[in-house]
Each structure stands twice: as C-alpha cells, then as structure tokens.
K.L.:
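Quick one: the structure is below, questions incoming.
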Amino acid sequence: MPQTECITVRGARQNNLAGFDVHLPLGKWIVVTGPSGSGKSSFAFDTIYAEGQRRYVETFSPYTRQFLERMDKPHADSIEGIPPAIAIDQCNLIRNPRSTVGTVTEVLDYLKLLFPRVANAFCPNCSRQVKPETPSSIASEISSTLRGQPILITFPIPIAQKTNPNDFFQFLRSQGYLRILLYGKIINTDTTSPPTLPAVVDVIQDRLILPDPPPPSPEPRLREAIETALRLGQGKLAVIHAQSLQRYPFSRGWHCPHCDLNLRPPTPSLFSFNPPLGACPDCSGFGR
C-alpha cells in the first residue's frame, strides 16, 4: 500500500505491546478488538492517538503549546503517515434517559457551537435559501445578475393608516427624495399625490447602470447606495430593473425578503435536545 494512503507503525512497544508492525489504511473504519489485557488501549490511545496529538501540538508556537495538553512520545521504532487525531475517552455508564454518546464524551458541546456557523436556512414558504446579506454580497450578486442593465436601488417605508398622501410626499421632498415606486410606476414626489397609499412604499435611493463586464470590486456609488438603502430600510432593500420593474429583494438579517417572513437565527440551543427550544416536539428530547 502506498505510504501516503496508510499509517505505518513499526516496532510498537508501548506498555505490553510486543514490538509489532502494522499498516492502517486512511479513510477506513478500523476496529481494534481482543481479550482484556491484549494491548488494545495501548495501541489505539497510547500509540496512535498519542503520536497524532503530539505532532499536531508541535505545529503551534511555543507560547500556544503551554496551554495545550502534551502527551509523551510513544515507544515505537517509527510511525509514519499519521494525521492529527482526536480521541473519545471511555467513561462510566451514566443511567440518565438524556445521556448519549455526545453528552457523555462532551462532543455535543462543540457540535452545538459548530452547527450554527455552518447551518443553511430555507424559507418554509418559498424554499429559497435565507442568509444575512451584506452590502458587498448584494453588490456582487446584482452586478453579475443584471450586468449592463439599468437598475433602481430602493428601500421600503411602512405607511401608517390614515396617512395623508400630500403630507407624505412633502416629507419625502424635504428629505431630498424625488422619486418613488408606487403601484408599479415611477412617480415624482413633486407631482400630484395619489388619493391613497399602500402599506409599504418603495423609495428610490439611486438610479444607475451596472457595468458590463462587472468590475473586480463593486463601484463606490453602487456600494454607497446599497449601504444607505439598508440603513434607511431597516435592513431591507430591493433592487429593481428600471425597464421591466422586476424586483430583487434583499435583507440583512435572518429574514426572507420574498415572503416577508422572519426566521429564528441559528443558535446553539437549536441544536441541543435538552432545552425546549431544540427538543423534538414529539418526544421532548428523550428519543422515545
């Protein structure tokens, strides 16, 4: 077997091991079995794991190594091809209905911190992926999707009931906004206001034509318009094709902009069966 595809141990003499040689293929499940006292733990933990952990710790600086657990070099002629290793210690049986391999070995404590960072969220209504956007991610996606097209950067303003359209238009003009998107049309705020207003009005922050091909980094004007729209729109904005008026909504938080639905952010409690937040609603986290 090639050297790079296996762990090669020669002359293993740790504890009661009698100096044997062995080749362990990488990427395979390997079971070490035998009667009590045959050297299973000496080989698996005190030889293989000890050497993998020792070499991994040696890759850190001397300052960092003083805070990490150090293991002695196992007794063997040579150990080659070994990667960094982790070990799950054997513990006494805990008779608790909520005890699992993850809780007994404390692996669950690390998985609860890992899963929120790698989890992908999807809207339960439209099945689109939901993720917090940033000005850079919005600018990159729009530049590649609508390259060379005229666009409108808009942000939503909720309208209270019984709001006078004339007063609302006057307020927009005082803030320097002269165009809004209303009922599928671009309307100037210095013209006659409509008799009624919808629940949400899209205010046009900027109009521009995206370059073709897209530049390596977003243009300052595009990024500035997106940042301003996110700030004034409370983390929401919509990029609209200036000709077809097709909408491309975005949101800064865990919110589906297409369905206007807020999702619970992924937290460690969601990935643990102990708190009610992450427990199964059918078995309450007991697995029955």
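Here the structure is a predicted model, which is why all the values come from computation and not from measurement. Throughout, numbering of the chain's residues begins at 1 and tracks the sequence.
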K.L.:
Less than 3.5 Å apart, any donor N or O on the side chain of S140 or S137 sitting next to an acceptor on the other?
P.N.:
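The answer is no; no qualifying pair exists.
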K.L.:
With a 4.5 Å cut-off on side-chain heavy-atom distances among I, L, V, M, F, W and Y, is there a chain of contacts connecting I82 to I30?
P.N.:
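Yes; tracing contacts between hydrophobic side chains, which count when under 4.5 Å, links both residues.
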K.L.:
Would you call the rings of F155 and Y177 parallel, tilted or perpendicular, where under 30° means parallel and over 60° means perpendicular?
P.N.:
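Rings of F155 and Y177: perpendicular, over 60°.
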K.L.:
Within the structure provided, determine whether S272 and S269 are in side-chain contact (heavy-atom separation under 4.5 Å).
P.N.:
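A side-chain contact under 4.5 Å is absent here.
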K.L.:
Determine yes or no for a side-chain-to-main-chain donor-acceptor pair under 3.5 angstrom, with D190 supplying the side chain and L178 the backbone.
P.N.:
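Flag not set: sc D190 to bb L178 has no pair under 3.5 Å.
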K.L.:
Grab the two heavy atoms, one from L17 and one from G39, that are nearest each other, plus how far apart they are.
P.N.:
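Residues L17 and G39, closest heavy atoms: CD2-O, 3.6 Å.
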K.L.:
For N262, give me all partners under side chain to side chain contact (heavy atoms under 4.5 Å, CB included), at least two apart in sequence or on another chain.
P.N.:
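With sequence neighbours excluded, N262 shows a side chain to side chain contact (heavy atoms under 4.5 Å, CB included) to H255, given in chain and number order.
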K.L.:
Return a table of donor-acceptor pairs under 3.5 angstrom between the side chains of residues 109-132 and protein atoms on other chains or two or more places apart.
P.N.:
unit_1: R117; atom_1: NH1; unit_2: L113; atom_2: O; d: 2.7

K.L.:
Please say yes or no: joined through hydrophobic side-chain contacts below 4.5 Å, possibly via intermediate residues, are V203 and Y183 part of one cluster?
P.N.:
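The answer is yes; both residues are in one hydrophobic cluster.
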K.L.:
Does P83 reach the side chain of I7, with side-chain heavy atoms less than 4.5 Å apart?
P.N.:
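Answer yes - side chains close enough.
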K.L.:
Between F271 and T267, what is the shortest heavy-atom contact and its length?
P.N.:
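Result for this residue pair: CD1-O, 3.3 Å.
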K.L.:
If every non-hydrogen atom of I204 is compared with every non-hydrogen atom of L181, which pair is closest and at what distance?
P.N.:
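Heavy atoms of I204 and L181 come nearest at CG1-N, 4.4 Å.
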K.L.:
How many angstroms lie between CD1 in I186 and CG in L245, if you round to the nearest 0.5 Å?
P.N.:
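Here the rounded value is 6.0 Å.
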K.L.:
Do side-chain atoms of T59 reach the backbone of Y56 as a donor and acceptor pair under 3.5 angstrom?
P.N.:
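It does hold such a pair.
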K.L.:
Are there over 12 heavy-atom neighbours, none belonging to Q170, within less than 6.0 Å of that residue's CD?
P.N.:
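No, not enclosed.
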K.L.:
Is it the case that the side chain of T189 and the backbone of R173 share a donor-acceptor pair, with hydrogens and angles ignored and the cut-off at 3.5 Å?
P.N.:
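Here the side-chain-to-backbone pair does not exist.
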K.L.:
Can you see whether S136 engages R223 through a side-chain donor-acceptor pair at a distance of less than 3.5 angstrom?
P.N.:
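Their side chains do contain a donor-acceptor pair, which is all the 3.5 Å distance test asks for.
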K.L.:
Between CZ of R179 and CG of L152, what distance do you get to the nearest 0.5 Å?
P.N.:
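Between atom CZ of R179 and atom CG of L152 there are 9.5 Å.
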K.L.:
Of all heavy-atom pairs between S42 and N15, which one has the smallest distance, and what is that distance?
P.N.:
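The answer is OG-ND2, 3.0 Å.
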K.L.:
Strictly distance-based, threshold 3.5 Å: is any side-chain N or O of Q14 a donor or acceptor partner for the main-chain N or O of H75?
P.N.:
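Judged by distance alone, yes, a pair lies under 3.5 Å.
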K.L.:
Enter the distance from S78:OG to E80:CD here, rounded to the nearest 0.5 Å.
P.N.:
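With rounding to 0.5 Å, OG (S78) is 4.5 Å from CD (E80).
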K.L.:
When you measure from the side chain of T228 to the backbone of E224, do you find a donor-acceptor pair of N or O atoms at a distance under 3.5 Å?
P.N.:
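The answer is yes, because a donor-acceptor pair under 3.5 Å joins these two groups.
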K.L.:
Quick test of your reading of the model: are E51 and R54 salt-bridged, counting only N-O distances below 4.0 Å?
P.N.:
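Here E51 pairs with R54 in a salt bridge, since their nearest N and O are under 4.0 Å apart.
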K.L.:
Do I209 and Q149 make a side-chain contact, defined as non-hydrogen atoms from C-beta onward lying under 4.5 Å apart?
P.N.:
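No, their side chains stay 4.5 Å or more apart.
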K.L.:
Within a reach of under 6.0 Å around CZ of R207, are more than 12 heavy atoms found that belong to other residues, nucleotides or ligands?
P.N.:
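At most 12 heavy atoms, drawn from other residues, nucleotides or ligands, come within 6.0 Å of this atom.
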K.L.:
Of all the heavy-atom pairs spanning R13 and G19, show the shortest one and how long it is.
P.N.:
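Shortest heavy-atom separation between R13 and G19 comes out as CG-CA, 3.7 Å.
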K.L.:
Are L263 and L270 connected in a single hydrophobic cluster, I mean Ile/Leu/Val/Met/Phe/Trp/Tyr linked by side-chain heavy atoms less than 4.5 Å apart?
P.N.:
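L270 and L263: separate clusters.
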K.L.:
Could you pull out the closest heavy-atom pair between F169 and N188, with the gap in Å?
P.N.:
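Closest approach of F169 to N188, heavy atoms only: CE2-O, 3.9 Å.
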K.L.:
With a 4.0 Å cut-off on N to O distance, would you call R10 and D77 a salt bridge?
P.N.:
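No, this pair does not count.
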K.L.:
In terms of hydrophobic clusters joined by side-chain contacts under 4.5 Å, are L24 and F20 together?
P.N.:
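Yes.
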K.L.:
Mark yes when over 12 heavy atoms from residues, nucleotides or ligands other than H241 sit less than 6.0 Å from its NE2; otherwise mark no.
P.N.:
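Yes, NE2 of H241 has more than 12 neighbouring heavy atoms, counting only those of other groups under 6.0 Å.
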K.L.:
If you round to the nearest 0.5 Å, how far is CD of E133 from NZ of K236?
P.N.:
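The CD atom of E133 is 14.0 Å from NZ of K236, to the nearest 0.5 Å.
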K.L.:
What is the distance from atom CG of D21 to atom OG1 of T8, rounded to the nearest 0.5 Å?
P.N.:
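Answer rounded to 0.5 Å: 9.5 Å.
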K.L.:
Does any non-hydrogen side-chain atom of R247 lie less than 4.5 Å from one of D202?
P.N.:
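Heavy-atom side-chain distance check passes, below 4.5 Å.
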K.L.:
Charged N to carboxylate O below 4.0 Å: is that the case for D206 and R221?
P.N.:
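Salt bridge present between D206 and R221.
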K.L.:
Is the closest side-chain heavy-atom distance between P84 and R55 below 4.5 Å?
P.N.:
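No, too far: nothing below the 4.5 Å cut-off.
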K.L.:
With the side chain counted from C-beta on, respond yes when P35 and K40 share a heavy-atom pair under 4.5 Å apart, and no when they do not.
P.N.:
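They are not in contact (no side-chain heavy atoms under 4.5 Å apart), so the answer is no.
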K.L.:
Is there a side-chain contact between I79 and P74 (heavy atoms, below 4.5 Å)?
P.N.:
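In short, these two side chains touch, coming nearer than 4.5 Å.
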K.L.:
Between P150 and Q243, is there a side-chain heavy-atom distance shorter than 4.5 Å?
P.N.:
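Yes. Closest side-chain heavy atoms under 4.5 Å.
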K.L.:
Can you check whether F60's main-chain N or O pairs, donor with acceptor, with T64's side chain at less than 3.5 Å?
P.N.:
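No, T64 side chain to F60 backbone: no donor-acceptor pair under 3.5 Å.
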K.L.:
Any chance OH of Y63 has more than 12 other-residue heavy atoms, nucleotides or ligands included, within less than 6.0 Å?
P.N.:
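Count not over threshold, so no.
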K.L.:
Hydrophobic side-chain clustering at under 4.5 Å (ILVMFWY, transitive links): who's grouped with L146? Put none if nobody.
P.N.:
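I138, I142, I151, I153, L208, L210, L222, I226, L230, L237, V239, Y248, F250, listed by chain and number.
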K.L.:
Same cluster or not: F171 versus I187, using hydrophobic residues (I, L, V, M, F, W, Y) connected whenever any side-chain heavy atoms lie under 4.5 Å apart?
P.N.:
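In one cluster: yes.
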K.L.:
So how far is it from H23 NE2 to E5 CD, rounded to the nearest 0.5 Å?
P.N.:
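Result: 13.0 Å between the selected atoms.
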K.L.:
Evaluate side chain to side chain contact (heavy atoms under 4.5 Å, CB included) for T134 paired with R252, printing each intermediate quantity in order.
P.N.:
CA-CA 6 Å; T134 63; R252 177 176 282 172; over 6 Å; no
